[in-house]
2 protein chains.
Amino acid sequence: MAASIEDVARLAGVSIATVSRSLRGLPDVAQSTRDRVLAAARELDYVASPFAARLASGRSATVGVVVPFVNRWYFAEVLGSIEGVLHDANMDLLLYNLGDMAGRERFFRDLPVRKRVDAIIIATLVLTEAEMDALRSLKVPIGVIGVDHAGFHSTRIDDRAGAATAVGHLIELGHRRIGHVAGDRADPMRFTPPHHRRRGYIDRLAAAGIDYDPSLEVLGYFTTHGGRLATEELLARPDRPTALFAESDEMAYGALVALRRAGLRVPHDIAVVGFDDHASAALMDLSTIRQPVRDQAEELTTRVLAAAAGDSAEPTSHVLPTELIVRGSTDPAHTIY
Amino acid sequence: MAASIEDVARLAGVSIATVSRSLRGLPDVAQSTRDRVLAAARELDYVASPFAARLASGRSATVGVVVPFVNRWYFAEVLGSIEGVLHDANMDLLLYNLGDMAGRERFFRDLPVRKRVDAIIIATLVLTEAEMDALRSLKVPIGVIGVDHAGFHSTRIDDRAGAATAVGHLIELGHRRIGHVAGDRADPMRFTPPHHRRRGYIDRLAAAGIDYDPSLEVLGYFTTHGGRLATEELLARPDRPTALFAESDEMAYGALVALRRAGLRVPHDIAVVGFDDHASAALMDLSTIRQPVRDQAEELTTRVLAAAAGDSAEPTSHVLPTELIVRGSTDPAHTIY
DNA sequence: ATGAAAGCGCTAACAG
DNA sequence: CTGTTAGCGCTTTCAT
């Protein structure tokens, strides 16, 4: 049986209260006493039982992290970043992967985080009023990454401005017919990027006096495969575009495959710009909008942790900058294919 | 304040013991009593405090999941699968992302899972004796995915046989000079696939009476970028290979990029086969060895859960089958580029 | 600076 | 079938 606080107290010749204080670094313990306790604890290889501590203190030293999918680049990146901050702060991380709408409904109905976390971090979901109510009922600080919701801590990028920058880059290169490989705005998970990025696309066209042409817009569903199919569809239409804006790099990869198969040269026949600066974008020589994924996750986690620790500042919404990265897929002096 | 078991007992007019029994579905409770308790619990929106239950019962209903990285395809896939099984079983999932050697050392030194999990699942690490001792000291069932260690539950594939199949496929197509884009065998994380997959490559060459040529072997470090560089290096050598075996699909993608840039046709000039059947392999038209990642994770998790629940069967090692998937990158009737 | 003691909210014998 | 009671291993007043 593992050592308990009583064993340590006995060995150190003090009360369990003193052991508790010493080990947690609380004040009002003589240095000599503390040293004795630390030595005893080390000798017995003692660690406090987290459950006993949590029951007694009412704090769980745990945060719940909710992601729609763990196996997509963006969410995996976010999750890894959060994990780092949390464990550096000696917090446990309870993972919830929604997976699909059924999982999402189950989560908000059952609220499996109840009575077990000091804070919650949720990635990229636009929450319904009912979901927000459910979360608020937990009475713990809540952080949302990628979206902002009043009353919750949030960190995100400006998707709309980023998309406008991407499209502006194409316009400055002289393109007027710009195809749009879009994310699914009707996804039941209600992700926001497709809405904002599309707005940015339309904004920027308008600013350049280019008419918005719905026939240049096809859904790619945020997958590589979808990006390929969408591009094939665009190419099959009369008067094909001279450039493509894909709402995500992963869709852009699919677009590049479709273009290669169609025998079109990039960027000479068709230029392509993506969004995210995904891990493989540099390899694919894809121009894109870089977003600081890890920074967003770390910044948000840090603030949520402060809130959980009692910092009662009002929840705020932070926006981090994006950056246009020009690579071969739009550089006329270059050829990918 | 949230309702406690006493509130429920009072409302239902029974003792807290009866509430506990009713809610947990234990026997020896009159149906009418149970109904009353359930109604009271629902009315008060009661859920038991997990910490109190864990402290009293000694069971944590939690499993620790340890991965080297969350943001690599294989591990993300594994993590997602484990999460599904765990939450279906009403278990909490505590995530530990090692990240690098420093993180790995810290994990095994501090053992942050101590006193908080009923079982541990670890992905793809070859454990040192010291690490195994540390884990054993926890006295909980341990599952390892991708490797087998005596005394631990494990599920894996036969990497060696899979690699041999991949190389055999190339040999049957008539190839004799087969380049090898290899994983790093000296990685301090000590992953096993590079060792086994390389053995399979060498085995199969030997079986076909082909001399092993070290100059055909270059490290690609399991990254897309590394695969590209490795391939470029292979192409720069005299008497270049007519086919490539990449130890992972992600490295194979890099190889395809390098071949395209070099103006070589696939599979006519050089055929390529990968390993894993990564999510994008179909899109890239890459022939590969499919491994059932989710199945491995689910099978292992299920067994570990049984062990944690008291099934005292000896830990065993299970091997799941792989399958050759032939696509355009090796099909002579086909052209990728 | 230290100790005694009262919980925290459950589970698990044990009685009846 | 149900209730009583003794913990589980800590944290946290409150004394001293």
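Note on naming: letters A, B, ... go to the chains in the order of the sequence lines (proteins, then strands), and numbering restarts at 1 for each one.
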Quiz prompt | Side chain to side chain, A/His149 and A/Ile142, heavy atoms closer than 4.5 Å | solution =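 Not touching, per the 4.5 Å side-chain cut-off.
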
Exercise. Could you check B/Ser57 against B/Thr18 and say which one's nearest nucleotide on DNA chain D is further toward the 5' end?
Key: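 Mapping each residue to its closest nucleotide by heavy atoms, the 5'-most match is B/Thr18.
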
How many Å lie between [atom1] on [X] and [atom2] on [N], as a whole number?
X	N	atom1	atom2	answer
B/Ile5	D/dT2	CD1	C1'	14 Å
B/Leu55	C/dG9	CG	P	12 Å
A/Leu23	D/dT11	CG	P	9 Å
B/Arg24	C/dA13	CZ	C1'	12 Å
A/Arg59	D/dC10	CZ	P	16 Å
A/Arg54	D/dG9	CZ	C1'	13 Å
B/Arg116	D/dG9	CZ	P	15 Å
A/Asp28	D/dT16	CG	P	18 Å

Practice problem: Scan residues 30-52 of chain A against DNA chain D and write down, sorted by residue number, each residue with any heavy atom closer than 4.0 Å; if none is found, say none. | Solution: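 Residues of residues 30-52 of chain A under 4.0 Å from DNA chain D: A/Tyr46, A/Ala48, A/Ser49, A/Ala52.
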
Self-check item: Residue-level proximity of residues 9-17 of chain A to DNA chain D when a heavy atom falls under 4.0 Å
Solution: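 Result for residues 9-17 of chain A: A/Ile16, A/Ala17, sorted by number.
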
Self-check item: Distance in Å, B/Leu95 CG paired with A/Ile82 CD1, rounded so as to fall on 0.5 Å steps
Solution: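 Atom-to-atom, B/Leu95:CG and A/Ile82:CD1 are 10.5 Å apart.
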
Quiz item: Hey, what do you get for OG1 (A/Thr62) to CG (B/Leu94), rounding to the nearest 0.5 Å?
Solution: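 If I round to the nearest 0.5 Å, the distance is 7.0 Å.
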
Look only at the side chain of [X] and the backbone of [Y], and say whether a donor-acceptor pair between them is shorter than 3.5 Å.
X	Y	answer
B/Arg104	B/Met189	yes
B/Arg303	B/Thr316	yes
A/Asp118	A/Ala308	no
A/Asp88	A/Val85	no

Quiz prompt | Pair of N/O donor and acceptor under 3.5 Å linking C/dG3 base with A/Arg21 side chain | solution =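 Flag set: donor-acceptor pair detected.
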
Quiz item: Can you list the residues that meet the side chain to side chain contact (heavy atoms under 4.5 Å, CB included) rule with B/Gln31, with sequence neighbours excluded?
Solution: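 B/Gln31 satisfies side chain to side chain contact (heavy atoms under 4.5 Å, CB included) with B/Arg34, B/Asp35 once adjacent residues are dropped.
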
Exercise. Could you tell me whether B/Asp28 and B/Arg21 have a side-chain N and a carboxylate O separated by less than 4.0 Å?
Key: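 Salt bridge absent between B/Asp28 and B/Arg21.
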
